[in-house]
Amino acid sequence: MEHRLTRIVPMIVVTAACLAFTAVSAAAQKRGVTPEDYFAFEFLNDARFSPDGSSIAFVVTTIDQKQNRRHSEIRMIPADGSREPVSLTTSPQSSNSPRWSPNGGAIAFLSARAAVGEPAGEASRTQVWLLSLSGGEPRRVTNLQNAVSSFQWSPDGTRLVCVSRSGPSDNAKSPSDVRHYKHTDYKFNDTGWFDDKRTHLWVVNVAAGTASQITSGDDWNDSDPQWSPDGEKIAFVSNRTGKEFDENHNTDVWVIDAAGGPLTKISDHAEPDNSPRWSPDGQIIAFVGAIEQRAHPKIWLAPSHGGAQARLAADGLDLIPTALRWAEAGRALYFEAGVKGATHLYRVDLATRRVTPVTTGDRTVHLVDVNDRSGRLTYAVNDPTHLDDLYVADLKGQNERQLTHLNAALWKQLDLVPVERVPYKGADGWDVDGFLMKPVGWEPGKKYPMLLNIHGGPAGMYGFDWYHEFQVYAARDWAVFLTNPRGSTGYGEKFERGIQLQWGGNDYIDVMNGVDAVLAKNPWIDKDRLGVGGGSYGGYMTNWIVGHTNRFKAAVALRGMSNFISTDGTRDGPYGHAEDFGGDVFAAFDSYWNASPLKYAKNVKTPTLILHSDMDFRVPEEQGEQWFRALQHFGVPSEIVFFPRENHNLTRTGEPKHLVESVKWQVYWFDR
C-alpha cells in the first residue's frame with residue numbers, strides 16, 4: 001500500500017500542475033471588451049409566461065452589422081428549463097411583443113413583415129400577427145392604416161384592443177409636408193416632430209380582422225389599454241384636459257365600454273396617473289400616480305366604477321414603482337423599483353399595506369412576469385459583468401433558476417470587471433454612493449488613470465447594471481468611477497429633489513467629494529491623470545466641472561446642456577425647470593444663467609470633446625454648438641462630432657454603427 005501511494009502522489013501533483021497551467025493559459029487568453037463587441041451582443045426583452053405557466057416566450061435582439069440595424073425574434077423555453085429555447089419567428093423583419101392567447105394555443109406579436117402574396121419589403125407598417133403553436137405560418141390580424149404600437153388580448157381570446165393613430169391627414173388627397181402648430185408642445189425626442197395624428201384605441205375581432213375605433217380626439221392621446229377581467233370594459237390613460245400640448249402633464253385613468261361610449265374617470269389627481277391594472281375580481285383598479293409636481297408617485301387603489309376617492313395601497317413607500325401587476329389572487333401587488341444602485345421586485349401585502357423585497361443582491365432584476373397558476377415569477381437579470389438572462393423563481397423569489405445563457409460564448413473570451421460600492425459623504429454630510437471599477441488586469445503597486453462618469457437625468461442611477469462603455473474603459477487600463485449625487489433616484493424623494501435650486505451647487509460638491517474619497521481609499525489611482533465625462537445631465541455636469549476646476553486632463557460631454565436660457569425655449573417640453581430654479585426663465589432669469597456652464601466657459605482649460613446628435617430634441621444640437629464655439633473662442637483644445645439621424649438616445653438605441661463610433665470617439669479623446 002505504501003508503495004502504491006508513492007507512485008500515485010507524483011501523478012496527482014503533475015495533474016494539478018497541468019490544471020493550474022490550463023487555468024492560467026485560459027485567463028491569459030481572455031481580452032478586454034472593445035467597442036466593436038457591441039455587434040456580437042444578444043439582448044433579452046419582454047418575457048411572458050404562457051397562461052398555464054409551463055412555457056415562457058421572450059424576445060432576443062441581435063445586431064445585423066452589414067445592414068446597420070437590429071433584428072428581434074421571439075423564442076420560447078419551458079419554464080422548468082428542461083429544453084433549450086426554440087425560435088418561433090424567422091422573418092427578415094423583426095418580431096416583438098409576444099402575447100399568449102388566453103387558451104395558450106397561439107402567440108400574437110408585432111411585426112412589419114409582408115403577408116403571404118405581398119411583395120417582400122413593401123409592408124412597412126407594424127401590425128399584429130398571430131402564430132398558432134400547432135403549426136403553420138403566422139397570419140396578419142390587423143390592418144390599421146397607421147400601424148399598431150401595442151395591443152392586449154381580451155380575456156375570452158376573441159378580440160384585441162390595439163393602440164394606433166388617427167388624424168385629419170388620413171383622408172387628405174395630397175398631404176402637405178408643411179408643419180403647422182397651435183400648441184407649444186410640438187416635438188418629442190424619440191418621436192420627432194408631431195404630426196396631426198393622435199394615439200387612440202381600436203378593438204379588433206381576431207377571427208375576422210374587423211376593427212372598431214372606440215376613442216378619438218385631436219387634443220389628447222390614449223394609451224396603455226387594459227381589459228377588465230370580464231372583457232366588458234377597458235381602462236386606459238389619457239390627458240383629457242384639452243391642454244396636453246400646452247405644458248400640462250396631467251394624465252388620468254379612464255374606463256370605457258369595450259364597444260365604446262361614455263367615459264368614467266377613475267383617478268383624481270392633478271398630476272400624472274398611469275399604469276391602470278384591474279384586480280382579478282374586476283372591482284378595483286390599481287394605478288401609479290403623484291399628487292404634487294415632481295413628487296414620487298405612489299400606488300393607489302380606486303373602485304373600477306369610479307366616483308370614489310382613491311386610497312393608498314402601501315404605507316411609507318419611498319421608491320418609484322414601475323411595472324405594476326396584481327398577484328396571489330388579488331392579495332398582493334408586485335412592482336419593480338431601483339434602490340441604491342440595484343433594481344428589484346417588491347411585493348405589497350394589501351391586507352397589511354406593507355412593502356417587502358422579493359429579490360435581492362447587487363444586480364438589476366427587471367422585465368418581471370407573474371404566473372399565479374404555477375406560482376412562479378420570471379424576470380431578466382443583469383449585472384456589471386453580464387447582460388440580461390432569463391430566470392425563474394417562486395413567488396417569494398426563492399428557488400431561483402437561470403434559464404438562458406445568452407452571450408455565454410462571448411463571456412468566456414472577455415475579461416470583465418465587477419463594480420465595488422464606495423460610500424462617502426457629500427455636501428451637508430449627506431450619504432452618497434460611488435461605484436468603482438478597477439482596470440482589467442489590475443496589479444497592486446501600479447499607477448492607473450481614472451475616468452469619472454456622471455449619469456443622465458439627473459433622475460437616474462448608476463450601480464449594479466451592465467454598461468458596455470465602462471467595460472471598454474476598464475480594458476484600456478483605466479479605472480472608472482461612477483457617482484449618484486443628489487438628484488439621483490433610488491435613495492428616496494428627499495434625495496432626488498435635493499437638487500432643487502442646487503444645479504451646479506451641492507450636486508457638484510457631491511460628485512467632487514466622491515472623487516476625493518475614491519482617491520483617498522485607492523492610492524493606486526494617479527490623481528494627475530483624471531478624465532471626466534457623461535451624457536445628458538452627465539454632459540451638463542461635465543461642462544460645469546471643467547468650468548470650475550482644472551484637475552481633469554480631458555473631458556467628453558455627450559448630449560450635454562450648456563445654456564439653460566436657450567435650451568428652455570428650444571427643447572421638447574418648453575419651460576420645464578420652474579421647480580429647479582424657483583420660477584420659469586422669465587421670472588428667474590439670473591438663476592438660469594448662473595446655473596449655465598456657458599457663463600463659466602472663460603475658466604475652462606480642460607481639453608474637451610463634444611458629441612451631439614442632429615435630431616436631439618431633449619438637449620438640442622445648439623447646446624453642443626454653443627459650448628464648442630465658446631471653448632474655441634477661449635482657446636481651449638476642443639473638437640465636436642455630430643451624429644446624423646440620431647436623437648438624445650444615441651448611446652442606447654442609436655444606429656449600431658453610430659453607437660459603436662460614439663464609444664470609439666470617447667476612447668480616442670481620452671487616449672490623447
Side-chain angles (χ1 to χ4, degrees), residues 40-63 70-91 93-111 128-138 151-153 157 323 325 327 334 336 343 345 358-359 361 363-383 385-412 466:
F41 292 154
E42 291 183 302
F43 302 92
L44 182 144
N45 199 8
D46 211 352
R48 301 282 172 153
F49 273 117
S50 60
D52 64 3
S54 64
S55 299
I56 302 169
F58 59 99
V59 175
V60 173
T61 300
T62 54
I63 308 299
R70 296 170 181 83
H71 181 265
S72 299
E73 68 175 26
I74 298 169
R75 299 180 187 176
M76 183 174 66
I77 190 171
D80 61 6
S82 58
R83 295 190 305 277
E84 292 295 310
V86 296
S87 296
L88 298 180
T89 58
T90 57
S91 169
Q93 286 75 37
S94 287
S95 302
N96 290 285
S97 303
R99 301 292 183 267
W100 294 83
S101 62
N103 66 8
I107 291 178
F109 60 92
L110 294 178
S111 182
V128 179
W129 293 73
L130 186 65
L131 175 66
S132 172
L133 296 181
S134 61
E137 292 295 317
F151 70 97
Q152 189 186 62
W153 285 92
R325 61 183 63 236
Y334 284 47
E336 300 169 26
T343 300
L345 179 66
V358 178
T359 60
R363 56 183 185 161
T364 293
V365 175
H366 62 145
L367 305 177
V368 177
D369 195 26
V370 183
N371 188 269
D372 265 356
R373 288 178 62 179
S374 65
R376 282 191 286 193
L377 309 167
T378 186
Y379 43 80
V381 175
N382 74 68
D383 60 38
T385 60
H386 298 89
L387 277 161
D388 281 313
D389 269 306
L390 190 64
Y391 287 69
V392 291
D394 62 31
L395 292 181
K396 294 182 179 180
Q398 299 173 351
N399 301 307
E400 184 179 86
R401 178 177 182 178
Q402 184 174 346
L403 294 183
T404 66
H405 295 82
L406 302 177
N407 303 292
L410 183 60
W411 298 150
K412 292 178 182 179
W466 168 264

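The neighbour count for Gln402 CD, taken as heavy atoms of other residues, nucleotides or ligands under 6.0 Å away, is above 12.
Atom CH2 of residue Trp100 and atom CE of residue Met76 lie 5.0 Å apart, to the nearest 0.5 angstrom. Expressed to the nearest 0.5 Å, how far OG of Ser97 lies from CD1 of Ile74 amounts to 8.0 Å. Here CZ of Phe49 is found 10.0 Å from OG of Ser55. Values are rounded to the nearest 0.5 Å. Interatomic distance, CD1 of Ile77 versus CG of Leu403, reported as 5.0 Å (0.5 Å rounding). Once rounded to the nearest 0.5 Å, the distance linking CH2 of Trp129 with CD of Gln93 reads 9.0 Å. The CG atom of Asp369 lies 13.0 Å from the OH atom of Tyr379; values are rounded to the nearest 0.5 Å.
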Q: Decide yes or no on side-chain contact (heavy atoms from CB on, under 4.5 Å) for Thr378 and Val368, but give the supporting numbers first.
A: CA-CA 6 Å; Thr378 186; Val368 177; over 6 Å; no

| said: Using side-chain contact (heavy atoms from CB on, under 4.5 Å), reason through Arg99 and Asp46 one step at a time and then give a plain yes or no. | reply: CA-CA 9 Å; Arg99 301 292 183 267; Asp46 211 352; 3.1 Å; yes

(request) Under the side-chain contact (heavy atoms from CB on, under 4.5 Å) rule, what do Phe109 and Val128 come out as? Steps first, then yes or no, please. (result) CA-CA 6 Å; Phe109 60 92; Val128 179; over 6 Å; no

Note to self: Run Asp388 and Val381 through side-chain contact (heavy atoms from CB on, under 4.5 Å) and show every step you take.
What the structure shows: CA-CA 5 Å; Asp388 281 313; Val381 175; 5.5 Å; no

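Side-chain N/O atoms of Ser132 and Ser134 include a donor and acceptor closer than 3.5 Å. In summary, the side chains of Asp389 and Thr404 do present a donor paired with an acceptor at a separation below 3.5 Å, with no hydrogens or angles considered.
Residues satisfying the side-chain hydrogen bond (donor to acceptor under 3.5 Å, both in side chains) test with Ser50, not counting sequence neighbours, are Asp52.
Remark: aromatic rings of Phe43 and Trp466 are distant, center separation not under 6.0 Å.
Salt bridge annotation for Arg363-Glu400: present, with a cationic side-chain nitrogen under 4.0 angstrom from a carboxylate oxygen. Using a cutoff of 4.0 Å between basic side-chain nitrogens and carboxylate oxygens, Arg325 and Glu336 are not scored as salt-bridged.
In this structure the side chain of Leu406 never reaches within 4.5 angstrom of the side chain of Leu387, judged on heavy atoms. In this structure the side chain of Pro98 reaches within 4.5 angstrom of the side chain of Val59, judged on heavy atoms. Residues Glu73 and Leu88 have side chains not in contact (no heavy-atom distance under 4.5 Å, counting atoms from C-beta outward).
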